[in-house]
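We count ligands from 1, going down the list as the structure has it; atoms in each ligand are counted the same way.
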Amino acid sequence: MPQNGPKYVGRFAPSPSGPLHIGSLLAALASYLDAKAHCGTWLLRIEDIDPPREEQGAAQSIIDSLRCHGLIWDGEISWQHQHSHAFEQTLETLLHADELFQCSCSRRQLARNNGLHQRPCIAPLNPDSFALRLKADQREIHFIDRLQGPQHEHMSNAVGDTILKRRDGLYAYQLAVVVDDISSGITDIVRGVDLLDSTARQIYLQQKLSAPTPRYLHIPVLTDTSGDKLSKQRAAPALDNNLSVSNIRRCLQHLGQPTPPASLKNCEDILHWATAHWRVEDIPAQTHILA
Ligand code: GLU
């Protein structure tokens, strides 16, 4: 941690597509402990910009579960659906800078190109139905993940032109996450390794907006016995809030952290101890761990 950089600001940013499960608790815990170990702040942002994928009551259930596990955020909860104005303004800025274009190519059409969008478009523009894409240029994005090591990706060859506003009028995750991380002054992003391949395009967008790039730490994701990531979409079982202490202990073990003394009986004391003993270098440097 640099001594004279900005004060650490981290966040947990769940999408309310289902209740918290052990895999999302792992990400919440890692980002919490890393923030607290750096005497930083830890923000909570509910990424509720995709109503078709939301489950009713999930946001409240996530909030309740975090509380029951002692993972208390700093400040007010941020609700992404309230930030449309900032998303529109950013699109406006990019449009004026000639960084965006309208596109009616379908996912199926792009499958021929491994899902990659490279200009020119395959489909003719349909003025009634188009997405806004960010033009990829020839640059290569480099960053060093604190756990996964050096990463690099060529924008136009490997990432392509990213959708920022979808054809159905919804804001894309890539736009919303970058705009909100910038406006909250996030310095450190700790999240599951499944988002590692979104990172280059997020850094690219930060660069286009002349914003600083945070540090990144992508932790392993938990999988089921068939090797699939536990996820809300795959209906991973909700956490039992009555087992919060053992849930936290289990996550610490998955993160390779030392075992808190058995004398510690509640989440607050365990989290306090785990913060003091947090060692990123002990997190298994792998991408998947069997839950
Ligand atoms: N909302 C995303 C999710 O629940 C996480 C976003 C992020 O951490 O960048 O998978």
Side-chain angles (χ1 to χ4, degrees), residues 8-35 40-55 57-63 65-66 71 73 77-83 86-87 141 143 145-148 151 159 162-164 166 170-206 209 211-223 228-236 238-239 287-288:
Y8 186 117
V9 185
R11 53 44 162 206
F12 178 54
S15 305
S17 49
L20 211 64
H21 53 79
I22 192 81
S24 38
L25 181 67
L26 192 79
L29 178 65
S31 65
Y32 174 92
L33 291 176
D34 198 56
T41 42
W42 186 67
L43 307 179
L44 175 60
R45 179 172 74 232
I46 304 291
E47 300 210 318
D48 54 349
I49 44 157
D50 193 351
R53 287 183 56 196
E54 270 162 41
E55 188 184 288
Q60 193 54 50
S61 147
I62 291 171
I63 292 167
S65 275
L66 289 171
L71 296 169
W73 51 94
I77 298 176
S78 161
W79 296 85
Q80 206 161 49
H81 78 270
Q82 296 174 348
H83 304 164
F87 303 150
I141 299 287
F143 65 100
D145 185 87
R146 290 168 59 200
L147 187 65
Q148 311 293 337
Q151 313 286 322
V159 177
T162 302
I163 290 188
L164 297 188
R166 293 163 25 174
L170 294 177
Y171 300 106
Y173 155 68
Q174 308 293 355
L175 172 72
V177 74
V178 168
V179 171
D180 278 350
D181 283 338
I182 294 171
S183 74
S184 304
I186 300 297
T187 62
D188 287 81
I189 293 180
V190 180
R191 60 187 178 188
V193 76
D194 53 315
L195 291 167
L196 186 62
D197 66 359
S198 282
T199 305
R201 68 185 76 209
Q202 293 174 10
I203 293 175
Y204 179 68
L205 180 52
Q206 291 153 9
L209 297 171
T213 288
R215 282 174 292 260
Y216 287 94
L217 166 57
H218 285 90
I219 63 162
V221 293
L222 296 184
T223 66
D228 291 319
K229 178 194 170 229
L230 295 184
S231 69
K232 297 161 194 156
Q233 287 77 24
R234 289 180 181 274
L239 285 172
T287 55
H288 292 77

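His83 and Ser183 form no side-chain donor-acceptor contact under 3.5 Å, judged by distance and modelled atom types alone.
Under the side-chain hydrogen bond (donor to acceptor under 3.5 Å, both in side chains) test applied with Arg11, the options Asp180, Thr187, Asp181, Thr41 reduce to a single match, Asp181.
The contact shell of ligand 1, taken as protein residues with any non-hydrogen atom closer than 4.0 angstrom, comprises Arg11, Ala13, Pro14, Ser15, Glu47, Tyr173, Val177, Arg191, Leu195.
Checked for salt-bridge contact, Arg215 and Asp34 miss the test: no charged N lies under 4.0 Å from a carboxylate O.
Side-chain atoms of Ser65 do not come within 3.5 Å of backbone N or O of Ile62 as any donor-acceptor pair.
Taking CG from Asp194 and NE2 from His218, the interatomic distance works out to 8.0 Å, rounded to the nearest 0.5 Å.
Environment of CZ in Arg146: crowded, with over 12 heavy atoms of neighbouring residues, nucleotides or ligands closer than 6.0 Å.
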